[in-house]
Amino acid sequence: MLKMKNINKVYQTEKVQTHALRDFSLDVEEGEFIAVTGPSGSGKTTFLNIAGMLEPFTKGQYLLDDVDVGTLSDNQRADLRNQKIGFIFQGFNLIPDLNLYENVEVPLRYRGIKSAERKRRIENCLEKVGLASRAKHLPQQLSGGQQQRVAIARALAGEPRFLLADEPTGNLDSLMARQVMELLEDINREGATIIMVTHDAELARRAPRNIQVVDGQLADFTLYQSRPSGVVTPANVAVEA
Ligand SMILES: Nc1ncnc2c1ncn2[C@@H]1O[C@H](COP(=O)(O)OP(=O)(O)OP(=O)(O)O)[C@@H](O)[C@H]1O
Ligand SMILES: [Mg+2]
């Protein structure tokens with residue numbers, strides 16, 4: 001589904017040049033659930049943003065379902081993103097003036113989904129994340145964890161084939177974090193491919209495949225691809241940096 005080959009990303013600001021990804025190569029099969037760990041600043045968000053076609057890369061090749069992303073126009077990339085990809089951002093990215101219902105609705109409108117179908121999906125997803133009774137609330141009337149859950153509902157409502165989640169449990173207590181993980185596991189079983197960045201070693205271990213980003217480079221623990229979830233990772237493999 002996703003094939004990255006020697007992707008490099010360099011951020012050039014006035015004074016500094018940051019090499020955020022270096023020769024980053026990764027193959028992801030349809031239906032996988034991958035946890036990404038690594039130190040702060042190592043390039044995890046950069047990788048997700050490139051995977052989600054939100055950012056260009058400097059060098060290398062990225063194929064999404066055999067389409068060479070580097071050759072697409074901005075519009076073509078946006079279309080592909082709308083069709084296939086759901087995003088849960090590290091900082092929620094909720095629109096402050098819209099209530100929860102409307103926030104979840106935004107990407108559905110982009111996709112031209114009819115109003116009755118939008119309503120069904122929005123109610124269903126708000127229910128899934130436990131916020132059905134707050135549909136009329138504004139984001140600022142919610143706690144951080146609740147806002148996180150709205151961001152998750154918004155991504156789920158698009159019924160994406162490919163879900164990219166940047167610290168989806170970062171603002172949640174451990175009970176809520178496990179519930180969110182269960183939600184993600186459900187939608188993975190329903191067929192979505194998931195890449196989730198997390199600092200939570202326990203959650204990472206539940207994912208069938210773990211990769212680690214260190215200094216813009218990838219360490220792939222595909223070794224553990226078939227291990228049952230819940231098995232303790234051997235001490236010589238540091239899942240959490
Ligand atoms: N827009 C930008 N302009 C310049 N440098 C950037 C930009 N975005 C990210 N960087 C730099 O690229 C590197 C990788 O950042 P990235 O956000 O991918 O890290 P991360 O692994 O997601 O970290 P965290 O765990 O703290 O979220 C960092 O050194 C960061 O400062
Ligand atoms: Mg990040």
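Counting starts at 1 for both ligands and their atoms, following the listed order. Just the heavy atoms: all of them, side chains too, but no hydrogens, waters or symmetry mates, feed the values below. Quick note: residue numbers are just sequence positions, from 1. All values reported here derive from a predicted model rather than from experimental measurement.
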Enquirer: Do NZ/NE/NH1/NH2 and the carboxylate oxygens of K44 and D166 come within less than 4.0 Å?
Expert: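 Looking at D166 together with K44, the answer is no, because their closest N to O distance does not fall below 4.0 Å.
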Enquirer: Can an N or O of T13 be found at a distance shorter than 3.5 Å from an N or O of ligand 1?
Expert: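 No, T13 has no N/O under 3.5 Å of an N/O on ligand 1.
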Enquirer: For Q17, is there any backbone N or O sitting under 3.5 Å from a side-chain donor or acceptor partner on Q12?
Expert: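 Absent.
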Enquirer: Among protein heavy atoms, which sits nearest to atom 25 (O) of ligand 1, and what does the distance come to when rounded to 0.1 Å?
Expert: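 For atom 25 (O) of ligand 1, the nearest protein heavy atom is K44 NZ, 2.7 Å.
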Enquirer: Looking only at protein heavy atoms, which one is nearest to atom 27 (O) of ligand 1, and what is the separation?
Expert: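 Going by distance alone, atom 27 (O) of ligand 1 is nearest to Q90 NE2, 2.9 Å.
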Enquirer: Could you identify the single nearest non-hydrogen protein atom to atom 29 (O) of ligand 1 and state the distance to 0.1 Å?
Expert: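 The protein heavy atom lying closest is T18 CG2, 3.5 Å.
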Enquirer: In terms of residue, atom name and distance, what is the protein heavy atom nearest to atom 26 (O) of ligand 1?
Expert: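 For atom 26 (O) of ligand 1, the nearest protein heavy atom comes out as S40 OG, 2.5 Å.
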Enquirer: Below 4.0 angstrom, N of the basic side chain to O of the carboxylate: do E202 and R206 qualify?
Expert: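 No, this pair does not count.
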Enquirer: Short list, please: which atoms of ligand 1 are under 4.0 Å from a heavy atom of G43?
Expert: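 That gives atoms 14 (C), 18 (O), 19 (O), 20 (P), 21 (O) of ligand 1.
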Enquirer: Mind jotting down which residue pairs meet the side chain to side chain donor-acceptor pair (under 3.5 Å) criterion with at least one end in residues 99-115? Sequence neighbours excluded, please.
Expert: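 Only E105-R118 qualify under side chain to side chain donor-acceptor pair (under 3.5 Å).
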Enquirer: So, does H199 sit close enough to ligand 1 that a heavy atom of it is under 4.0 Å from the ligand?
Expert: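 Within the 4.0 Å threshold, so yes.
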Enquirer: Checking K9 against Y11: charged group under 6.0 Å from the ring centre and within 45 degrees of the axis?
Expert: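 Verdict for Y11: a cation-pi partner in K9.
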Enquirer: Using a 4.0 Å heavy-atom threshold (strictly under), name the region of T45 that reaches ligand 1: side chain, backbone, both or neither.
Expert: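 For T45, backbone and side-chain atoms both sit under 4.0 Å from ligand 1.
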Enquirer: Does G216 come within less than 4.0 Å of ligand 1, judged by its heavy atoms?
Expert: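 G216: no contact with ligand 1 (<4.0 Å).
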Enquirer: Identify whether L26 and L54 are in the same connected component of the hydrophobic contact network (ILVMFWY, side-chain heavy atoms under 4.5 Å).
Expert: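 L26 and L54: one cluster.
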Enquirer: Suppose I only count heavy atoms of P39 and a 4.0 Å limit; which atoms of ligand 1 are within that range?
Expert: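 Per the distance check, 21 (O).
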Enquirer: Checking the side chain of Q83 only, and the main-chain atoms of L80 only, is there a donor and an acceptor separated by less than 3.5 Å?
Expert: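 Not a single qualifying donor-acceptor pair exists.
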Enquirer: Give me the protein N, O or S atoms that fall under 2.8 Å of the Mg ion (ligand 2), sorted by chain and residue number.
Expert: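 Metal shell, protein only: T45 OG1, Q90 OE1.
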Enquirer: Give the numbers and elements of all ligand 1 atoms closer than 4.0 Å to a heavy atom of T46.
Expert: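 Listed by number with element, the hits are 14 (C), 15 (O), 16 (P), 18 (O).
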Enquirer: Give a yes or no on whether a salt bridge exists between R121 and E127, defined as a side-chain N under 4.0 angstrom from a carboxylate O.
Expert: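 Salt bridge flag = no for E127 with R121.
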Enquirer: Is there a path from L63 to I50 through hydrophobic residues (I, L, V, M, F, W, Y) whose side chains come within less than 4.5 Å of each other?
Expert: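 Looking at the clustering, I50 is in a separate group from L63.
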Enquirer: Taking CG in D66 as the centre, count heavy atoms belonging to other residues, nucleotides or ligands within less than 6.0 Å. Is the count above 12?
Expert: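 No, because the 6.0 Å sphere around CG of D66 holds 12 heavy atoms or fewer from other groups.
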Enquirer: Do D65 and R161 meet the salt-bridge criterion of a basic N to acidic O distance under 4.0 Å?
Expert: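 Looking at R161 and D65, the cut-off is met.
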Enquirer: If we only count N/O pairs under 3.5 Å, is S42 in contact with ligand 1?
Expert: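 It does: an N or O of S42 is found under 3.5 Å from an N or O of ligand 1.
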Enquirer: So, N210 side chain and P208 main chain: donor-acceptor pair closer than 3.5 Å or not?
Expert: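 Answer holds: no.
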Enquirer: Strictly less than 4.0 Å: does any protein heavy-atom distance to atom 7 (C) of ligand 1 fall in that range?
Expert: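 So atom 7 (C) of ligand 1 has protein heavy-atom neighbours under 4.0 Å.
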Enquirer: Check for a donor-acceptor pair, side chain of D215 on one end and backbone N or O of Q217 on the other, with a separation under 3.5 Å.
Expert: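 Not at all, since once roles are kept as given, no pair shorter than 3.5 Å links the two residues.
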Enquirer: Rounded at 0.5 Å granularity, tell me how far CG in L156 sits from CD1 in I187.
Expert: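 Between atom CG of L156 and atom CD1 of I187 there are 4.5 Å.
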Enquirer: Polar contacts were defined as any N/O atom of the residue lying under 3.5 Å from an N/O atom of the ligand; does this apply to A20 and ligand 1?
Expert: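 No, since none of the N or O atoms of A20 sits under 3.5 Å from an N or O of ligand 1.
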Enquirer: Might you check, step by step, whether the distance between atom 31 (O) of ligand 1 and some protein heavy atom is under 4.0 Å?
Expert: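 Protein heavy atom within 4.0 Å of atom 31 (O) of ligand 1: absent.
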Enquirer: For atom 1 (N) of ligand 1, what is the nearest protein heavy atom, given as residue, atom name and distance?
Expert: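 Here the nearest protein heavy atom works out to Y11 CE2, 3.7 Å.
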Enquirer: Polar-atom distance check: G38 versus ligand 1, any N or O pair below 3.5 Å?
Expert: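 No, there is no polar N/O contact under 3.5 Å.
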Enquirer: How does E167 reach ligand 1, if at all, at less than 4.0 Å between non-hydrogen atoms: by side chain, backbone, both, or neither?
Expert: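 No part of E167 comes within reach of ligand 1.
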Enquirer: Got the closest protein heavy atom to atom 28 (C) of ligand 1, with its distance?
Expert: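 Checked against all protein heavy atoms, atom 28 (C) of ligand 1 sits closest to G41 O, 3.6 Å.
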Enquirer: Could you check whether E185 pairs with R189 (Lys NZ or Arg NE/NH1/NH2 to Asp/Glu carboxylate O, under 4.0 Å)?
Expert: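 Not counted as a salt bridge, because no side-chain N and carboxylate O are separated by less than 4.0 Å.
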